[in-house]
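Protein chains get the first letters and strands the later ones, always in sequence-line order, with residue 1 at the start of each.
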Amino acid sequence: MYEGSKHTVKYDFKAVEAKWQKVWEDQHTFHAEIDHSKPKFYGLVEFPYPSGQGLHVGHPRSYTAMDIICRKKRLQGYNVLYPMGWDAFGLPTENYALKNHINPEIVTAKNVARFKSQLKALGLSFDWDREINTTDPEYYKWTQWIFLQLYKKGLAYKKETTVNWCTGCKVVLANEEVVDGCCERCHSPVVQRVKSQWMLKITAYADRLIDDLDQVDYLDRIKVQQRNWIGRSHGAEITFDTTTGDALTVYTTRADTLFGCTYMVVSPEHAYIDKWMKAGLIRNPEAITAYQEEAARKSDFERTELNKDKTGVKIEGVEAINPVNGKVVPIFISDYVLATYGTGAIMAVPAHDTRDWEFAKKFGLPIIEVVKGKTPSNLDEAAFTDVATGTLVNSGFLDGLSVEDAKEKMYAWLEENHKGGKKVNFKLRDWVFSRQRYWGEPIPMVYCEKCGWQPIPESELPLRLPEITDFEPGPDGESPLARHTDWVNTTCPCCGGPAKRETDTMPQWAGSSWYFLRYCDPHNTKELASKEALEYWSPVDWYNGGMEHTTLHLLYSRFWHKFLYDIGVVPTAEPYRKRTSHGMILGENGEKMSKSRGNVVNPDDIVNEYGADTMRLYEMFIGDFEKAAPWNTSSIKGCKRFLERIWALGDKIVEGEGVRPTIEATLHRTIKKVGEDIDSLKANTAIAQLMILVNTLYDNGGATREEFRTLLILLNPFAPHITEELWQQAGFPDQIAHTSWPVYDPAKCVEQTVEIAVQVNGKVKARLTVPTDIEQADAIARAKAEPAVAAALEGKTIVKEIYVKGKLVNLAAK
RNA sequence: GCGGGUAUGGCGGAAUUGGCAGACGCGCAGGAUUUAGGAUCCUGUGGAGCAAUUCGUGUGGGUUCGACCCCCACUACCCGCACCA
């Protein structure tokens, strides 16, 4: 036994973890400063919303994975920025404050303190000197500043619009926050209301938000989801004249089917209806009005639920003329046409569109075939929608063309005849940016009777929230700020006359749309971050977060970042070079963890009972990082046992210089695998390999100092406390945090001999131990000499001999 | 309906991307130690069979010397979007 070895002290994880957490805090071990002599690495995880429930066991999954990456990068000589902060504006805190008559600021401070102590207890290597909080006026000053820049560039505007209204939260929701017609947060039904709202023109960036996905390294499913959400489609606008003299424009992706249009449909909200009503052109106004009212009463949920059965009313007295053949067709209103997409009106081609087909069947409208498939289709049973194999018929100058060619020819025809032309459309809507709530960033705008909406001067930022005690929204859903006339009444920055402040606040997503920039220079009072800091740290090299933010936070922040790039504030067009996503941690029963299901695991309990290192190790060992994984308390024991074995190995230091030959290959393979696995988010197999190494060391009576040293460094990113402690106890100099990552020698990863399988016709008949570099002919000769192989070959002729180096010999015989 | 994904022991999951299926861990069984329990340490552990052997990666086919992996046709479950013209 090595004499200088310690202890036979019990592994007291509480003492060890507290000790090293204090060292890191006192020495600011993980503080990052700009250093041009090193390559930089900016690792980012989504900052949490500091809820009253405290940390969820799901949070550390993402944080630990990135912590491991960052700790390894530091050891590899990178200058690493790994920051943390608080996304603290938002409804739950406000609702809690409302119920308990406490200022949300106080609630937030309390929750942040709890979260912070929980995160520190996990030994995450955050640079706490860069901590930020979206509710800090010194932070939201810059959120407001960005809003003013958007306004100045015409990308923020106020508009009367139908909005998603949550009947529970009494607040406007973005489309992204409505799930199944209900509020994402409180699950109350969402209805449509007309309100004047601040909007952000994210649609102006729709093309770039899609196209620039090609420049970044995001998981495919993230890219696909973003593309689908933005929903770019290529088609045409076509203008139909009507018998009233108005031109009615539709959007279609199937311009090739124009000859098959047998009627048109406009949405119940279409502007022409009111116009035609007022002009007395509609002969059945009662029926039309009744239908409009019915549609307006429906929530989104009801509208989509009723989608099996089409409803609608024919507009009597107005007809349209098909521009391509002069045919007169009727016009209907129906809520299967959405006011918010395209032009709010469609040309109906029942032969080749399922929805039009259903409507035509119900209302007895003609169905004209204009695209024929290779096999005859029965249009009495269903619409024919296969664009790949169809050929145009009954379509004049398009007859005989493929769908693709017919589209192009039709686009040209439309343009020549001034009846429309090619058009790109998006599903993406502009971002509703107003919330009638207290706990958010005040929108820095004032309204003057004379001058209209005016931005407040930048010198007045931050526009602070007034301290109030009544957080209840007004009876008509107006912001609680509206009651506070001393705050609301101000002077117009333009004319100096009386004016009123905007009382709506920004949505929760505002502060998180740029927070990663603030981390680069969090204490800057003159700019949101200095050019120097942004140029050094941007872009974020690796961002990990939840899939649930793909169409919300991730899209919004890309939009803001592109805008900031356009106005010269940030140096890159995209904020994140790489984006990955972790799976959810489920309850032991395989269901989503929730209070109501009673399957919540509290991270504090795990840290108390097993320690932070065990908790970290378990969360990484639980399974494939990208997939959901059920919690399993008894599996934690395996991770604890592993650390106990590492601890005990400190007492089993054996004599010997360097690495023993029996250990060498395993050790080098472990260095290789752990490094590669960390880089590809496979901590689970990295840990398995470390376990193999430890088992090998035990089989060999313990570890030499050199072997032990390497093991401790490799394990350090996963279990930083115990490894630092053992490092110190073994008398290695300084700390692991200041040492460097080992390098493997590829030549030493291979064993001298290897066991290969010998197969006959793909079935294993024998196993051979051969030199790793054995020649094919030798291997095959030795294989044939095996009795079991010879027996299997008895009476057969070998037709093929296969040798896979280091793996197997396969003899195909007949 | 559209888009994406998944399916491997009692459980969580591995498999260098076409080369010995089940690494690693949990659990379980037997043994050692212990007054006992716990902890720890050995040994074993996909199914069937005393065995040689044989069957095994959701189902059915195919390609191949060889398939969890590739192709075709299904089934089940999960996630996202959902009348987007």
Side-chain angles (χ1 to χ4, degrees), chain A residues 179-180 219-225 227-229 231-233 235 250-255 257 265 267 300 303-304 306-308 310 334-338 340-349 352-356 358-359 385 425-429 547-548 550-551 583-584 590 617-618 621-624 626-639 641-642 644-645 648 669 672-673 676 682 684-692 694-695 698 755-767 788 798-814:
Chain A
V179 175
D180 290 336
L219 291 178
D220 271 345
R221 58 195 172 121
I222 295 175
K223 289 191 183 183
V224 166
Q225 252 188 57
R227 283 195 192 102
N228 289 347
W229 187 264
R232 180 161 62 192
S233 82
V250 301
Y251 174 73
T252 179
T253 53
R254 292 298 304 276
T257 62
V265 188
S267 70
D300 262 10
R303 271 206 185 191
T304 50
L306 289 171
N307 77 31
K308 292 148 225 151
K310 297 275 183 288
S334 171
D335 64 4
Y336 88 86
V337 172
L338 306 177
T340 50
Y341 184 76
T343 62
I346 60 151
M347 64 175 214
V349 184
H352 306 294
D353 181 280
T354 308
R355 296 149 303 179
D356 296 345
E358 284 169 14
F359 191 87
T385 56
N425 242 316
F426 298 93
K427 285 194 215 173
L428 187 69
R429 302 268 76 86
M547 276 311 280
E548 69 275 19
T550 304
T551 54
M584 247 192 298
L617 213 52
Y618 173 64
F621 194 57
I622 195 167
D624 186 331
E626 284 183 35
K627 289 187 203 141
W631 189 266
N632 183 343
T633 305
S634 66
S635 287
I636 298 171
K637 285 187 205 149
C639 293
R641 250 175 235 166
F642 174 60
E644 299 271 11
R645 270 162 76 79
R669 272 207 298 265
K672 180 173 193 282
K673 183 148 181 68
E676 288 172 354
K682 291 179 187 295
N684 53 336
T685 47
I687 293 167
Q689 182 62 36
L690 285 164
M691 288 171 169
I692 291 170
V694 170
N695 291 343
Y698 266 91
E755 193 183 73
I756 64 169
V758 182
Q759 301 178 335
V760 176
N761 289 331
K763 303 231 176 203
V764 180
K765 295 294 173 192
R767 288 169 210 286
I798 295 174
V799 290
K800 199 166 182 183
E801 296 172 343
I802 294 114
Y803 171 65
V804 183
K805 192 170 186 292
K807 300 281 181 194
L808 55 72
V809 169
N810 188 14
L811 303 171
K814 270 184 192 163

Against the side chain of A:P630, the closest entry in B:C65, B:G3, B:G12 is B:G12

Check: OP1 or OP2 of B:A85 less than 4.0 angstrom from a side-chain nitrogen or oxygen of A:S233, does that happen here?
Finding: yes

**Message:** For a quick test of reading the model: is some side-chain N or O of A:Y341 closer than 4.0 Å to OP1 or OP2 of B:A85?
**Reply:** yes

* Remember a base hit wins even if backbone is also touched, and classify A:D624 as base, sugar-phosphate or nothing at under 4.0 Å, heavy atoms. => sugar-phosphate

Exercise. Expressed as a whole number of Å, how far does the C1' atom of B:G61 sit from that of B:A23?
Worked result: 32 Å

A:L811 atom CG is separated from B:G66 atom P, nearest whole Å, by 13 Å

Per atom distances to the A:N810 side chain, the nearest of B:C83, B:A23, B:G19 is B:G19

What one should report as the nearest heavy-atom pair of A:D356 and A:A348 is OD2-CA, 3.3 Å

query: With a non-hydrogen cut-off below 4.0 angstrom, is A:T340 in contact with a base, only sugar-phosphate, or nothing?
result: nothing

**Asked** In whole Å, what separates the P atom of B:C78 from that of B:G10?
**Response** 22 Å

**Message:** Evaluate A:W631 against A:Y618 for side-chain contact (heavy atoms from CB on, under 4.5 Å), listing each step before the verdict.
**Reply:** CA-CA 10 Å; A:W631 189 266; A:Y618 173 64; 3.7 Å; yes

> Counting just side-chain N and O atoms, does A:R645 come under 4.0 Å of either OP1 or OP2 of B:C41?
Replying inline: yes

query: How about A:K672: does its NZ atom have over 12 heavy atoms from other parts shown lying under 6.0 Å from it?
result: no

Between A:M347 and the options A:V265, A:D353, A:T257, the side chain to side chain contact (heavy atoms under 4.5 Å, CB included) test singles out A:T257

Atom NZ of A:K807 and atom P of B:A15 are separated, to the nearest Å, by 13 Å

A:Y336 side chain to A:F359 backbone, donor-acceptor under 3.5 Å: no

In terms of heavy-atom contacts, A:A648 and A:Y698 come closest through CB-OH, 3.4 Å

Per-residue pairing states of RNA chain B in dot-bracket (Watson-Crick or G-U under 3.5 Å; . unpaired, | other strand) read (((((((..(((......[....)))((((((.......))))))(((....)))..(((((..]....))))))))))))....

*Is a donor-acceptor contact shorter than 3.5 angstrom present between the side chain of A:K310 and the base of B:C83?*
yes

*Scan A:A348 against the nucleic acid and name what it touches under 4.0 Å (heavy atoms): base, sugar-phosphate only, or nothing.*
nothing

Separation of B:U16 atom P from A:K673 atom NZ, nearest Å, is 9 Å

Would you measure the distance from the C1' atom in B:G22 across to the matching atom in B:U75 and give it in whole Å? 25 Å

With syn defined as a glycosidic angle within 90 degrees of 0 and anti as anything else, the base of B:G62 is anti

Describe the nucleic acid contact of A:N425 in one word from base, sugar-phosphate, nothing, applying a heavy-atom distance below 4.0 Å. nothing

- Before giving the answer on side-chain contact (heavy atoms from CB on, under 4.5 Å), spell out for A:E626 and A:R221 the whole-Å C-alpha distance, their side-chain angles and the decisive distance to 0.1 Å. CA-CA 11 Å; A:E626 284 183 35; A:R221 58 195 172 121; 3.5 Å; yes

Next on the checklist: I'd like the C1' distance from B:U6 over to B:C69, given in whole Å.
Outcome noted: 15 Å

Testing B:G27, B:A15, B:C81 for proximity to the side chain of A:K427, the answer is B:C81

Those residues at least two apart in sequence (or on a different chain) that pass side chain to side chain donor-acceptor pair (under 3.5 Å) with A:K673 are A:D677

A:S233 backbone acceptor or donor facing A:N425 side chain under 3.5 Å: no

Assigned chi class of B:U8 under the 90° convention is anti

* Have a look at A:N228 and say if it touches a base, only the backbone sugar-phosphate, or nothing, with a 4.0 Å heavy-atom cut-off. => sugar-phosphate

note: A:K627, atom NZ; B:G13, atom P; distance rounded to Å ~ 7 Å

Rounded to whole Å, the CD1-P distance (A:I692 to B:A15) equals 12 Å

(message) Any base atoms under 4.0 Å from A:V804, or only sugar-phosphate, or nothing? Heavy atoms, all strands.
(response) base

Would you classify A:A812 as touching base, sugar-phosphate or nothing, given that sugar-phosphate means primed atoms plus P, OP1 and OP2, and contacts are heavy atoms under 4.0 Å?
-> sugar-phosphate

- Item | Spacing of the C1' atoms in B:A52 and B:U8 (rounded, Å) | 28 Å

Report which part of the nucleic acid A:D220 touches: base, sugar-phosphate, or nothing (heavy-atom distance under 4.0 Å, all strands). nothing

**Asked** Expressed in whole Å, how much space separates the P atoms belonging to B:C71 and B:U63?
**Response** 16 Å

When rounded to the nearest Å, what value does the distance between C1' atoms of B:U17 and B:G56 take? 22 Å

In whole angstroms, the gap separating C1' of B:U64 from CD of A:Q759 amounts to 13 Å

**Message:** Categorize A:I802 for me: base, sugar-phosphate, or nothing, with a 4.0 angstrom heavy-atom threshold over every strand shown.
**Reply:** base

For this session: Begin with the C-alpha distance, continue with both residues' side-chain angles, and end with the deciding distance and a verdict on side-chain contact (heavy atoms from CB on, under 4.5 Å) for A:M547 and A:T550.
Result: CA-CA 5 Å; A:M547 276 311 280; A:T550 304; 3.9 Å; yes

Open item on the list: Categorize A:R669 for me: base, sugar-phosphate, or nothing, with a 4.0 angstrom heavy-atom threshold over every strand shown.
Closed with: nothing

When rounded to whole Å, the CZ to P distance for the pair A:R641 and B:G12 reads 19 Å

With the side chain defined as heavy atoms from C-beta on, A:F621 is closest, among B:G3, B:C24, B:G13, to B:C24

On RNA chain B, more 5' by nearest nucleotide between A:N695 and A:G344 is A:N695

In whole angstroms, the gap separating C1' of B:G80 from CD of A:E548 amounts to 12 Å

Per nearest nucleotide of RNA chain B, the residue lying toward the 5' end, A:N632 or A:L808, is A:N632

Original post:
When you compare B:G18 with B:A39, how far apart are their P atoms, in angstrom units rounded to a whole number?
Top reply: 44 Å

